[in-house]
Amino acid sequence: EKVFSGFSKTRENLAVVDELLLYWNLADTDRVLDELEEALLVSDFGPRISFKIVDCLREDILAGKLKSGSEIKEALKRSVLQLLTSKGNKSDLQLGFRKPAVIMVVGVNGGGKTTSLGKLACRLKIEGVKVLLAAGDTFRAAASEQLEVWAERTGSEIVVVEGDKVKAASVLSQAVRKGKEQGYDVVLCDTSGRLHTNYSLMEELVACKKAVAKVIPSAPNEILLVLDGTTGLNMLPQAREFNEVVGITGLILTKLDGSARGGCVVSVVDELGIPVKFVGVGEGVDDLQPFDAEAFVNAIFS
Ligand code: GDP
């Protein structure tokens with residue numbers, strides 16, 4: 001099981017749930033639920049969700065609906081799954097009917113945008129999709145070269161515009177036009193990721209979106225926000241800001257093979273109401289997987 005091999009810390013934190021519930025009895029409920037809430041908190045579920053989950057469990061226990069430790073554990077897993085899927089569980093990309101479909105990838109530097117885009121190109125190529133990459137991170141010097149390496153690795157065409165003052169919006173616009181003229185299925189657009197506090201980045205992303213829509217009014221079809229899973233709950237404010245400014249359609253959570261805490265996945269989905277579409281589980285071409293909420297829940301509560 002490669003997909004969720006990385007949540008060892010989360011698994012360890014949540015293993016306490018099993019111990020607690022093994023000897024659970026009604027008289028013990030308050031203490032057990034307090035400890036359970038603590039376990040959720042240290043796994044980055046955040047205070048609001050941790051409280052909400054435990055409160056629902058308490059209600060069901062007191063109402064006599066949950067009568068054993070294992071029933072409580074199943075209810076716990078169900079409520080996490082529900083939080084992850086209640087806002088829609090569409091991990092499929094929504095690419096519409098007009099070609100090319102345009103996918104923009106946004107997020108702060110170092111989160112894994114370029115890498116995720118390369119892996120996504122690889123996935124789509126395997127499905128027989130004709131992919132064009134657009135080197136829209138005109139700010140970070142090495143970003144275009146990095147994307148060129150991915151283009152080569154996946155046998156994809158790429159649009160790079162040389163020059164110092166090239167605007168990202170212009171690169172994306174050229175790429176989408178080329179995609180349209182030359183019959184591409186999908187144009188995958190990289191963007192810049194200077195610190196999210198830098199307002200001009202947000203302006204640039206809005207300009208990119210407009211430039212793309214000028215060529216194809218229904219585009220971009222997807223704007224995927226790439227979030228570094230190891231940043232835990234810290235990802236929330238930046239995710240909110242990106243969503244407010246550009247309107248995010250899906251999430252890619254990266255580095256879930258590392259020290260990511262599983263709870264933040266639930267927090268960010270609940271907070272933004274946006275589905276996780278893909279998860280990054282390593283640096284190789286095959287290490288971008290469609291998000292499977294059930295497998296995720298089973299993994300962290302295994
Ligand atoms: P960008 O600045 O957002 O474009 O980020 P990059 O794509 O350059 O990625 C930053 C670093 O994170 C690189 O060293 C990537 O190899 C690494 N990285 C990206 N995704 C993953 C992942 O899912 N797992 C691991 N372990 N590393 C990743």
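Along the sequence shown, residues carry numbers from 1. Note: hydrogens, waters and symmetry copies are ignored here, and every other heavy atom, side chains too, is used. Since we're looking at a predicted model, the values are computed, not measured.
Between the Lys180 side chain and the Val215 main chain, a donor and an acceptor come within less than 3.5 Å of each other. The closest donor-acceptor contact from the side chain of Thr254 to the backbone of Val226 lies at 3.5 Å or more, if one exists at all. Looking at Thr191, its side chain does come within 3.5 Å of a backbone N or O of Val105 through a donor-acceptor pair. A side-chain donor-acceptor contact under 3.5 Å links Lys130 to the backbone of Gln182. No donor-acceptor distance shorter than 3.5 angstrom exists from the side chain of Gln94 to the backbone of Glu222, with no hydrogens or angles considered. Formation of a donor-acceptor pair under 3.5 Å by the Ser173 side chain with backbone atoms of Val212 is not found in this model. Put simply, the side chain of Glu71 gets close to the backbone of Lys67: a donor and an acceptor are under 3.5 Å apart. Although no hydrogens or angles enter the test, the distance criterion places no donor-acceptor pair under 3.5 Å between the side chain of Asp185 and the main chain of Pro100. Distance alone, capped at 3.5 Å, is enough to place a donor-acceptor pair between the Asp287 side chain and the Gly284 backbone. Of the possible polar contacts, none joining the Arg261 side chain to the Lys9 backbone as a donor-acceptor pair under 3.5 Å is found.
Between Leu227 atom CG and Asn234 atom CG the span is 11.5 Å, to the nearest 0.5 Å. With values rounded to the nearest 0.5 angstrom, Leu84 atom CG is found 10.5 Å from Asp292 atom CG. Here Ser144 contributes atom OG and Glu148 contributes atom CD; the two are 6.5 Å apart, rounded to the nearest 0.5 Å. Between Glu162 atom CD and Thr138 atom OG1 the span is 12.0 Å, to the nearest 0.5 Å. Atom-to-atom distance recorded for Lys125:NZ and Cys122:SG is 9.5 Å, nearest 0.5 angstrom. Between the CG atom in Leu120 and the NZ atom in Lys277 there is a gap of 11.0 Å [rounded to 0.5 Å].
Closest approach of Ile248 and Asn243 over heavy atoms only: N-OD1, 2.9 Å. Annotation for Ala101 and Leu95: closest pair CB-O, 3.4 Å, computed over non-hydrogen atoms. When all heavy atoms of Arg11 and Ser302 are compared, the pair lying nearest together is CD-OG, 3.3 Å. Counting all heavy atoms, side chain and backbone alike, Ser156 lies closest to Val131 at CB-O, 4.0 Å. A pairwise comparison of heavy atoms in Lys119 and Gly282 identifies NZ-O, 2.6 Å as the closest pair. Listed here is the closest heavy atom pair of Ala135 and Ile158: CB-CD1, 4.5 Å.
Residue Lys167 places its NZ atom among 12 or fewer non-hydrogen atoms of other residues, nucleotides or ligands, all under 6.0 Å distant. Around atom CD of Glu59, no more than 12 heavy atoms belonging to other residues, nucleotides or ligands sit under 6.0 Å away. When the shell of 6.0 Å around NZ of Lys99 is examined, it contains 12 or fewer heavy atoms from other residues, nucleotides or ligands.
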Query - Worked check of side chain to side chain contact (heavy atoms under 4.5 Å, CB included) between Leu20 and Arg31 - result: CA-CA 9 Å; Leu20 283 168; Arg31 182 188 59 83; 4.1 Å; yes

Requested in this report: Take Asp34 and Glu38 through the test side chain to side chain contact (heavy atoms under 4.5 Å, CB included) and record every step on the way to the result.
Outcome: CA-CA 6 Å; Asp34 281 350; Glu38 189 58 36; over 6 Å; no

Requested in this report: Take Glu244 and Met202 through the side chain to side chain contact (heavy atoms under 4.5 Å, CB included) test and state the conclusion after the steps.
Outcome: CA-CA 10 Å; Glu244 274 161 25; Met202 294 298 166; over 6 Å; no

Query raised in the report: Is there a side chain to side chain contact (heavy atoms under 4.5 Å, CB included) between Leu225 and Gln238 once you walk through the steps?
Result: CA-CA 10 Å; Leu225 174 62; Gln238 60 168 257; 5.5 Å; no

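Side-chain atoms of Glu37 and Ser50 form no donor-acceptor pair, as typed in the model, at a separation below 3.5 Å.
Linking Ile, Leu, Val, Met, Phe, Trp and Tyr whenever their side-chain heavy atoms come within less than 4.5 Å leaves Leu26 and Tyr23 in two separate clusters. By the rule that hydrophobic residues join a cluster once side-chain heavy atoms approach within less than 4.5 Å of another member, Val269 and Leu233 end up as members of one cluster. Tracing side-chain contacts under 4.5 Å through hydrophobic residues (I, L, V, M, F, W, Y), one never reaches Leu93 starting from Phe97; they form parts of separate clusters. In the hydrophobic clustering of this structure, Leu41 does not group with Leu14; members are Ile, Leu, Val, Met, Phe, Trp, Tyr whose side-chain heavy atoms approach within less than 4.5 Å, directly or through other members. A chain of hydrophobic side-chain contacts below 4.5 Å, direct or via other Ile, Leu, Val, Met, Phe, Trp or Tyr residues, connects Val206 to Leu201.
By the 4.5 Å heavy-atom criterion applied to side chains, Leu224 and Ile103 are counted as neighbours. Between Asp137 and Ser192, some side-chain heavy-atom pair lies under the 4.5 Å cut-off. For the pair Leu236/Arg240, a side-chain contact is recorded, criterion being any heavy-atom separation below 4.5 Å from C-beta on. Taking the side chain as every heavy atom from C-beta outward, Gln146 and Asp190 never approach each other to under 4.5 Å. Within the 4.5 Å cutoff, the side chain of Val129 has no heavy atoms near those of the Arg123 side chain. Considering only heavy atoms from C-beta on, Lys209 stays 4.5 Å or farther from Leu205 through its side chain. Side chains of Ile53 and Leu83 form a contact here, defined as non-hydrogen atoms less than 4.5 Å apart. For the pair Leu253/Phe291, no side-chain contact is recorded, criterion being any heavy-atom separation below 4.5 Å from C-beta on.
Note: Phe296 and Phe7 have perpendicular aromatic rings, judged against thresholds of 30 and 60 degrees for the angle between ring planes.
Through direct or indirect side-chain contacts shorter than 4.5 Å among Ile, Leu, Val, Met, Phe, Trp and Tyr, Trp150 is connected to Val285.
Here Arg78 pairs with nothing under the side-chain hydrogen bond (donor to acceptor under 3.5 Å, both in side chains) rule; sequence neighbours left out.
Between Val17 and the options Ile72, Leu22, Leu76, Leu40, a side-chain contact (heavy atoms from CB on, under 4.5 Å) holds for only Leu76.
Using a 4.0 Å cut-off between charged side-chain N and carboxylate O, Lys73 and Asp18 make a salt bridge.
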